[in-house]
Structure formats: structure tokens, C-alpha cells
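Below is one structure; the comments refer to it alone.
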Amino acid sequence: MTAYLGIDVGTGSARAGVFDASGLLLGSAQQAIQTWRPQTDFVQQSSADIWGAVIKAVRRAVSDAGIDADRIAGVGFDATCSLVVVGQGDAPLSIDPNADPSQDVIVWMDHRAVSDANAINAIGGAPLKHVGGRISPEMQVPKLRWLKHNMPDTFSHAESFWDLPDWLVHRATGAMSRSLCSMVCKWTYLAQNGLGGEGWDDTFLTDIGLSELTGDGHKKIGAQFLSPGQKAGGLHPQAASELGLEPGTPVAASLIDAHAGALGTLGVGSASTVGRLAMIAGTSNCHIGLMREPVFVPGVWGPYFGAVLPGFWVNEGGQTAAGALIDAVLARHAATATLQCDAKQLHAALDARLAALGSETAILTARRHILPDFHGNRSPLAEPWRLGGITGLSLDTGPDDLALDYLAAVQAVCYGTRHIIEAMQAAGQVVHEIVVSGGMAKSRLFLRELADICDMPVLLPETDEPVLLGTAILATVAAGHQPDLKQAMQTMAPGVEVIRPRGGPLTEYHRKKYQVYRLLQNNYAEIEDIMGRKDA
């Protein structure tokens, strides 16, 4: 049996999955990754810890699949868009304010560079047109600017800066190439201008104070580029030995984790991908749509050329906190501890309690509303300074009140998605159905509310690991066993369940609730203006 290995490095763990040529999952495993938060808005990891987690996950996944390692014909990587700082001889360089030498990764959700992002937006430049008009502190250029100003020794001694997906490929193969997915989406590289140095806007980099990155053919940030799925190289002997695989096994150019989820799901049930919105719903949410022609949406990242499929443009909306929002809302409530169960059991218990409170649970939150911007608003407002809130509270602190908070938080995530879709449609992007993957896709309550609130079908791929499937699709193309990603994603596409909006009175109910959601956003901005916003 020929098999393909997909490796996904998320915020909290590294996961590996072994798939056959039809897309069937043969075995999988995961290993936790450590995260450090030395101060407010700082979120850090260690590339050595990440690679160690990858090794353990891969070895267990291959064992779980029950196949010999020489059956693995190709390897694909995806990861969060975190920044890895590399020194001489590929040694890690610390990005920690306390100088911990092992912490060399600034995690995607780190917001230390908010002021640098604001400064870049004030300076302006052509690349900003392709990030919804405002660059995010979650992207790499603001982080690099922060490093230069706040940790100049680290910045000056760095031999290279990597997006985590590309660093994993580099660690596995020694290749210096970068994936267009990472570079176009997070580094302001404009692939439509060409796949060499012309893709970099040196005037922009100089104007924002990063002229050092333009030297030596942009060696520090990327001089060689590949489309996702192209062969980046073969496993070098050391990496092969660590992973328990064969040296020389083809390794594909990588994808960002959300984009791997899009690749693994957009092919379900149809040969057409345009008009679908891939929603990768986990700690945060990403909303990825493919287009034949570019559409510019204020506050939405993109359009990005060639970031998922060659010849297609990509727009990417997002919510910085989704699953993380629900976790935070539950953690704040006094009744959570009294239920004494783990997270999975807690959600099930709350689903049951909601069902006991009424035959139609959606309307239980008529007086409970949550503003979900607990970690800023990524899209479509593109304002990282925003925070959240809960309104409609009583003196009740028991389990029924907790259930209302839970439902209101789930609905708030869905209203945020509706806001993003409306912005896309207003700009001319076609969206007529949502394909959902990620941890939140396991919640029937979330799927039902999403379909009702956005008033469109929600497609649920019938696979437990859609993101890993996307990276396995990369591996089939790198191995030369599929001609291109479009064919591979259709060949390996899983079955699909369709959740349709229920309509009727719920449509009007959610219209009113969505109106409240937008009102709360407007009111919060007014409050911040009264009190004096930090970035004003």
C-alpha cells in the first residue's frame, strides 16, 4: 500500500495523519506543544519543542496506520503562521523579553507589534491594498519591525526569518525555498508581479524601516518560491532518522494550517470551488474563498494570488478568537467549576441543559448578547484594539445562566462570520455556501446556529481530519502521484453532510440579534473614544 503523510502544527499541538490514495485516514496521532506568555500580548514557542512534537506524532501515526515506513511516498506540512527566527548554523535566536534562548518563535496570535502595525498603516504602501487596507499585528512584517526596534541584537544576528510552515520544510529537507502561501498571505509578497525579487516591494520595506531585508537578494526573508504542493526536496538523512522515515522521501512546499483545511474541504461534493467559503473553525476562525479574478474587500485579507491553487486568487477573513472565545466565556463563569468535567463533557452537559430549557434553544438568548472581540477584530473591522463584553446579565450565577452564556458565545461567533460574509458579498465576492472544518465543526449546536444565522447551507466533510487531509493532498502532488492540487483535492475529497438553514421565524430572530451585535460593536467604539483609545 502506498500512503501519504500529512503533518499539521497548530497552536497547541503537532498532529500527523497517514492517508491512502483515496483520502482514507489510516492512522493519526498528536503531541502537545508548549506555549509561554511572559507578559500581556506576548505568546511564544520553541522550534525545538515543536520539532520534537512532530517527531513523536509522526512515529505514532505511522505505527497506528500499521504500515512500514517505506510505504510513505510523500510528506506534506502545514502550520500556524508564526515567526521563527534563525541564527548562524540554523541555531535558534531568542525572541523572549527575558532572553530565554529556547524561545525563538513569535506565535501568530502574539500582539506585541500592534503599535508597529499602526505605524505601517499610517505610512502606507501598495502591499496594504492586499490585506484589506490595514496590516495586522498577526502578520510577519509588523513583528519584524518590532524585533528591530526592541531586540536589535536578535534582529541583526538573524541569518533568516521563517514562517513556521516553511521552517518545517526547511528543517526536514534543508531547502531554502518558501511557499507562496506563507509569503503572499503573511509577508506582503506580491506573487502576481512575478516569482523572483520583483514580488517584493522594496520601496515599501524601506519606507517602513526594514531596508535590511532587501539586501542580498532578500535572502533573509525569501529568494526562492514554490507553489503549494511542488516538491521542495527530499527528507535529508538526519530528519528521516528522527521521523523514522526513508531518506529522500519527497516533501511538498507547505500551506498555512487554515489553507490546508481549505484544500482538504473545498472539493467535497462538487467539482466547483468558486462560491464556497471554507471556514476553518478552531481556536480562531479563518474564512477562505477562491476566486478567478481579484476582489478587494475592506478589512479582509487578500486578494492573494496563487496562495492555495495556481491561477486562483484567495480572500481570507478571520476571527481572532472563536473556540478561544467560548473557552474564555466558560472560564469566567462561577458555575463552570461546579460541573466538574472536562471540556468535551462540559459542552455536552451544556447542550443537554439548553435542550431542557426550551424546545427551540436558539431563542433563549433574546436578552443575552455577547460582543466576541475579546482579542480584537480581525475581519472585517481590522481593529486589534477592540475587546468584548456580555450584556443582559442577572444575579443568577448557576448552571442555567452558564448555558445562556455558552449559547450566546456560539451565536456571537456565527454573527461574526455573517459580518465577514456580508462584507465579501458587498464587494462582489460570491459566497453561497460554507464548508466547515476544525474543532468547532464537531459541535452540532454550532453547525445549526451557523446555518441559521448566515442563512445558507453549511457543508460538513465526513472526515475526522480535514486539515491533515489537505497536507496529505500536498504530499500526493510532491510525490508525482497526482498531476496537480485541483485534481488531487477532488480525488481525495471525503463525503459531505449538508446542514440547511431552518428559516421561518428564526430568520427574523437572528436578523434582530445580528442588529444588536452590530450595535454593540458601534457602542464599544464610542466608549473607547470617550475613554481615550490606546492607538488613537
Side-chain angles (χ1 to χ4, degrees), residues 37 39-44 80-85 95 97 105-152 154-155 161-164 182-190 200-213 221 256 258 284 286 296-302 304 315-321 373-388 420 423 521 524-525 528-529 532-536:
R37 298 174 182 265
Q39 59 192 63
T40 302
D41 289 335
F42 282 55
V43 189
Q44 303 170 181
T80 67
C81 51
S82 300
L83 177 68
V84 186
V85 182
I95 49 77
V105 180
I106 303 179
V107 178
W108 65 270
M109 67 192 302
D110 183 293
H111 274 195
R112 72 183 69 187
V114 167
S115 62
D116 291 275
N118 290 337
I120 292 168
N121 290 324
I123 294 167
L128 299 186
K129 185 180 179 184
H130 288 270
V131 291
R134 290 182 58 82
I135 202 163
S136 167
E138 296 172 14
M139 295 179 176
Q140 309 304 9
V141 170
K143 291 181 171 72
L144 291 170
R145 192 176 188 270
W146 183 94
L147 279 174
K148 178 181 176 180
H149 292 159
N150 294 274
M151 301 184 72
T154 294
F155 184 84
F161 302 99
W162 293 86
D163 218 80
L164 181 56
S182 299
M183 305 312 293
V184 170
C185 295
K186 306 301 174 186
W187 294 71
T188 72
Y189 186 79
L190 302 177
W200 291 113
D201 188 330
D202 286 353
T203 299
F204 170 72
L205 292 173
T206 299
D207 288 346
I208 65 173
L210 293 175
S211 59
E212 298 90 342
L213 303 181
I221 55 174
I256 299 167
S284 64
C286 289
F296 293 86
V297 184
V300 169
W301 297 343
Y304 299 135
N315 273 346
E316 179 186 353
Q319 294 164 275
T320 304
D373 300 330
F374 281 36
H375 197 55
N377 184 287
R378 185 188 297 167
S379 302
L381 301 181
E383 292 170 339
W385 50 264
R386 286 180 172 270
L387 295 172
I420 291 166
Q521 285 185 322
Y524 182 79
E528 286 288 282
D529 286 340
R533 210 166 62 229
K534 284 193 300 184
D535 72 331

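From a predicted model like this one, the values you see are computed outputs, not experimental measurements.
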Determine yes or no for a side-chain-to-main-chain donor-acceptor pair under 3.5 angstrom, with [X] supplying the side chain and [Y] the backbone.
X	Y	answer
S284	A321	no
Q140	C81	yes
R134	A382	yes
Y304	V184	no
N121	I135	yes

Distance from [X] atom [atom1] to [Y] atom [atom2], nearest 0.5 Å?
X	Y	atom1	atom2	value
M183	I256	CE	CD1	10.0 Å
T320	M109	OG1	CE	8.5 Å
L387	D373	CG	CG	8.5 Å
W108	L164	CH2	CG	13.0 Å

Output, in order, the C-alpha distance, side-chain angles, deciding distance and verdict of side chain to side chain contact (heavy atoms under 4.5 Å, CB included) for L147 and F161. CA-CA 11 Å; L147 279 174; F161 302 99; 4.3 Å; yes
Working for side chain to side chain contact (heavy atoms under 4.5 Å, CB included), residues L83 and L144: CA-CA 9 Å; L83 177 68; L144 291 170; 4.0 Å; yes
Measure the shortest side-chain to side-chain distance between [X] and [Y] over non-hydrogen atoms and say whether it is less than 4.5 angstrom.
X	Y	result
K143	K186	no
V114	D41	no
Q521	N377	yes
W200	L213	no
F155	H149	no

Can you give me every donor-acceptor pair (side chain of residues 202-209, partner residue at least two apart or in another chain, under 3.5 Å) with its distance?
residue	atom	partner	partner atom	Å
D202	OD1	H218	NE2	2.7
D202	OD2	H218	NE2	3.4
T206	OG1	D202	O	2.9

Test side chain to side chain contact (heavy atoms under 4.5 Å, CB included) applied to W385 and N118, step by step: CA-CA 10 Å; W385 50 264; N118 290 337; 6.0 Å; no
For the pair F42 and I95, evaluate side chain to side chain contact (heavy atoms under 4.5 Å, CB included) and give the outcome as yes or no after the intermediate values. CA-CA 10 Å; F42 282 55; I95 49 77; over 6 Å; no
Qualifying residue, where the test is side chain to side chain donor-acceptor pair (under 3.5 Å) with R378 and the options are E138, Q319, E316: E138
Quick test of your reading: applying ring-ring contact (aromatic ring centres under 6.0 Å, His included), list the pairs with at least one residue in residues 109-139, sequence neighbours left out, ordered by first then second residue.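 Found H111-H375, H130-F296.
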